[in-house]
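Notes to accompany the following structure.
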2 protein chains.
Amino acid sequence: MTATAQLTRSVEDYLKSIFHLTNQGGFATTSDIAAMLEIAPPSVSGMVKRLSETGLIEHVPYRGVQLTPQGRRAALQMIRRHRILEVYLTQQLGYDWGDVHEEAERLEHAVSEKLIEKMAGALGDPRYDPHGAPIPTAAGDIEEAELFTLADAKIGASIIVRQGGDDDAARLRYLAALGLTPGTHLTVLERQPFNGPTTVRSGSETRVVGQELAEQLWCAEVGGGGNR
Amino acid sequence: MTATAQLTRSVEDYLKSIFHLTNQGGFATTSDIAAMLEIAPPSVSGMVKRLSETGLIEHVPYRGVQLTPQGRRAALQMIRRHRILEVYLTQQLGYDWGDVHEEAERLEHAVSEKLIEKMAGALGDPRYDPHGAPIPTAAGDIEEAELFTLADAKIGASIIVRQGGDDDAARLRYLAALGLTPGTHLTVLERQPFNGPTTVRSGSETRVVGQELAEQLWCAEVGGGGNR
DNA sequence: TCTGTTTATTAGCTTAGCCTAATACCCTGT
DNA sequence: ACAGGGTATTAGGCTAAGCTAATAAACAGA
C-alpha cells in the first residue's frame with residue numbers, strides 16, 4: 001500500500017502531462033510540458049524541482065524529466081479516473097462524445113477512489129474510453145497498444161480507429177460526422193504523395209482524409225490489443 | 001443572466017457557511033464562520049474583506065456578515081449542487097446514506113451546471129436530499145420549512161423527520177438504525193424533565209431518544225412544506 | 001461607570017503556483 | 001573550435017489563502 005500523500009490538482013496535471021509526453025519513451029522537456037499545460041516554462045522548472053524532491057519524477061537538468069515508478073502509478077491513477085469518468089458521463093448521463101473531456105478534466109481531481117470503482121462497476125469495468133483509449137486497471141496496468149496515426153498507416157493495412165487525442169471537441173465531432181469513431185475498422189487504400197490525403201474504406205464507404213486530420217487520428221493494427 | 005465570474009473553491013465554502021449561519025436571520029459572526037470552516041478567525045476577517053469588495057456579502061464591522069442577493073444566489077447554487085449530488089450518489093451508485101456528504105463536498109466544486117441538471121433530470125428533479133433537506137431549484141428558490149429539533153418538538157405533535165445535519169456519518173448511521181430516517185412520521189409522546197429523553201411513536205414502534213441526539217434531529221410539522 | 005473578558009481586526013509571515021526578465025547552458029553550423 | 005540561437009534555469013515579484021501575535025472594539029458584571 002503506497003501511502004501517497006494527497007496530491008494537489010496542479011501536481012496531478014503535471015504527472016498526467018509527463019506521462020503522455022514520455023509514453024513513447026525518452027524525456028519530457030520543460031517546454032513541452034509548459035506547452036501542454038499552457039503555462040510559462042519557468043513555472044515548469046519550479047514545479048519540476050518540487051516533484052523531484054518528493055520522488056515523483058527524475059530530473060536530468062537541461063534534458064528533461066521522467067516519471068519514477070511512484071509517479072507513474074499516480075499518473076495512471078489519474079488517467080484511469082479520467083477515462084472511467086468519460087465512459088460514465090457518456091453512457092449513463094447522455095454526454096456528447098466531444099464534450100466529456102472537459103468535464104472529466106475537472107472531476108478527476110475531486111472524485112474518490114471509491115466513487116471511481118463504483119462507476120467502473122456500474123459500467124461493467126470498461127477497457128476503453130469513448131475515444132478508444134485504453135483504461136488502466138485499478139492495479140495500475142495499462143494496455144500497451146502499438147498506436148500510430150492514420151498518416152503513418154501502411155497502404156493496404158487493416159486497422160482499427162483508436163483515437164488517442166480527446167482534447168478538441170470540434171475536431172472530435174467532425175470525425176464522428178465522418179464516421180471515424182473509435183472501434184471503426186478501416187482498410188487503408190492509398191495515400192497521395194507529398195503528405196497528401198489518405199483514402200480509406202470503412203465497410204462499403206470510402207473516405208478521403210486530409211493529412212492534418214490523419215495525423216491526429218490514432219489507430220492500432222487489427223488484432224493488436226483487443227477491439228473494444 | 002448574472003455573469004458570476006468563476007468563484008474559487010474557498011469562496012464557495014465561505015458562502016455556503018454564511019448561508020447556513022444566517023438561515024434563521026441575523027448575522028454570521030467571524031468566529032462562527034471560522035469554527036464551521038475549521039480555520040482561524042483572522043483568516044475569515046481577510047476573506048470577508050475580499051468578499052465584500054466583490055459584492056457577495058455585506059459586512060458590519062465587529063457585528064458580522066450577511067449575504068447580498070448575489071451572494072445568496074451563489075450559495076443556493078452550491079447547496080443545490082451538493083444536494084443533487086447526494087441524491088444521485090445514493091440512488092444511482094449505491095452510496096451509503098452516511099457517506100455521501102463527504103464525497104459531495106468535494107464534487108460540488110468541480111461539477112458543471114450542465115452535469116448537475118443532467119443528474120437532476122435522471123432523478124426526476126428530486127425536491128429533498130437523502131437527509132431530508134430541501135433542494136433549491138435551478139432558479140434559486142428554496143422551500144422555507146419551519147424546522148425545529150426533536151428536543152424542541154411539542155408533546156403530542158405529529159411531525160416528520162427532516163434531519164438537517166448531514167455532517168457526522170456515524171451519527172447518521174445510528175439514527176438510521178433507530179429507524180429515524182428523513183420522511184419518517186413521528187408522534188411526540190412525552191419528554192422527561194431537565195433535558196431528559198423524548199419518547200416518540202413511529203408507526204407501531206416506540207423509541208426513546210436522548211436529549212443529545214434529539215437536538216440534532218431536525219423535524220417539520222406534518223403538512224408544512226411537502227413530505228418528500 | 002469602569003474594568004476585565006471576549007471577540008474582531010490589523011500586522012506581518014508562510015507556502016503554492018504562477019509570472020517576466022535576466023542569465024546560463026547546450027548544440028549546431030561554419 | 002567557436003559563435004549564435006534556442007532551451008532551461010535562476011532571480012525576483014505577485015496573488016490567494018492560510019497562520020500567529022499584537023491591538024482594538026464591544027460587552028457584561030460589579
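First the proteins, then the strands, lettered A, B, ... as listed; each starts at 1. As the structure is a computational prediction, the values presented were derived from the model and not from experiment.
- The side chain of Ser45(A) lies closest to dA8(D), out of dA8(D), dG17(C), dG18(D).
- Mapped onto DNA chain C by nearest heavy atom, Met47(A) and Tyr62(A) fall at different nucleotides, with Met47(A) at the one closer to the 5' end.
- Heavy-atom contacts from other residues, nucleotides or ligands closer than 6.0 Å to NZ of Lys49(A) number 12 or fewer.
- An OP1 or OP2 oxygen of dA8(C) is reached within less than 4.0 angstrom by no side-chain nitrogen or oxygen of His59(B).
- In this structure, the CD atom of Glu12(B) is 11 Å from the P atom of dA17(D), given to the nearest Å.
- Atom-to-atom, CD of Glu53(B) to C1' of dT15(D) comes out at 13 Å; the value is rounded to the nearest Å.
- Residue order along DNA chain C, read from the 5' end via each residue's closest nucleotide, puts Val11(A) first among Val11(A) and Pro61(A).
- For Thr30(B), the listed nucleotide lying nearest its side chain is dT9(C); candidates were dA17(D), dT9(C), dA16(C).
- Ser10(A) has a side-chain polar atom (N or O) that falls below the 4.0 Å cut-off from OP1 or OP2 of dC18(C).
- The listed nucleotides are dG17(C), dC18(C), dT9(D); the one nearest the side chain of Thr8(A) is dG17(C).
- Considering only side-chain N and O atoms, Arg50(A) lies nowhere under 4.0 angstrom from the phosphate OP1 or OP2 of dA16(C).
- A straight line from CD1 of Ile57(A) to P of dA8(D) spans 13 Å, rounded to a whole angstrom.
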Test Arg81(A) against Glu105(A) for salt bridge (charged side-chain N to carboxylate O under 4.0 Å, His left out), laying out the working first.
CA-CA 9 Å; Arg81(A) 290 176 179 202; Glu105(A) 196 65 24; over 6 Å; no

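- Spacing between atom CG of Leu7(A) and atom P of dA16(C) amounts to 13 Å, rounded to whole angstrom units.
- Between Lys49(B) atom NZ and dT9(C) atom P the separation is 9 Å, expressed in whole Å.
- The distance from atom CD1 of Ile39(A) to atom P of dC18(C) is 5 Å, rounded to the nearest whole Å.
- Counting non-hydrogen atoms of other residues, nucleotides and ligands closer than 6.0 Å to CZ of Arg63(B) gives a total of 12 or fewer.
- For Glu58(B), the CD atom counts as loosely surrounded, since its 6.0 Å shell holds 12 or fewer non-hydrogen atoms of other residues, nucleotides or ligands.
- Remark: Ser43(B) is not in phosphate contact with dA17(D), judged by side-chain N or O atoms under 4.0 Å from OP1 or OP2.
- To the nearest 0.5 angstrom, Ile39(A) atom CD1 is 7.5 Å from Met47(A) atom CE.
- dG17(C) atom P lies 12 Å from atom NE2 of His109(A), rounded to whole Å.
- Atom CD of Glu38(A) is separated from atom P of dG17(C) by 18 Å (rounded to the nearest Å).
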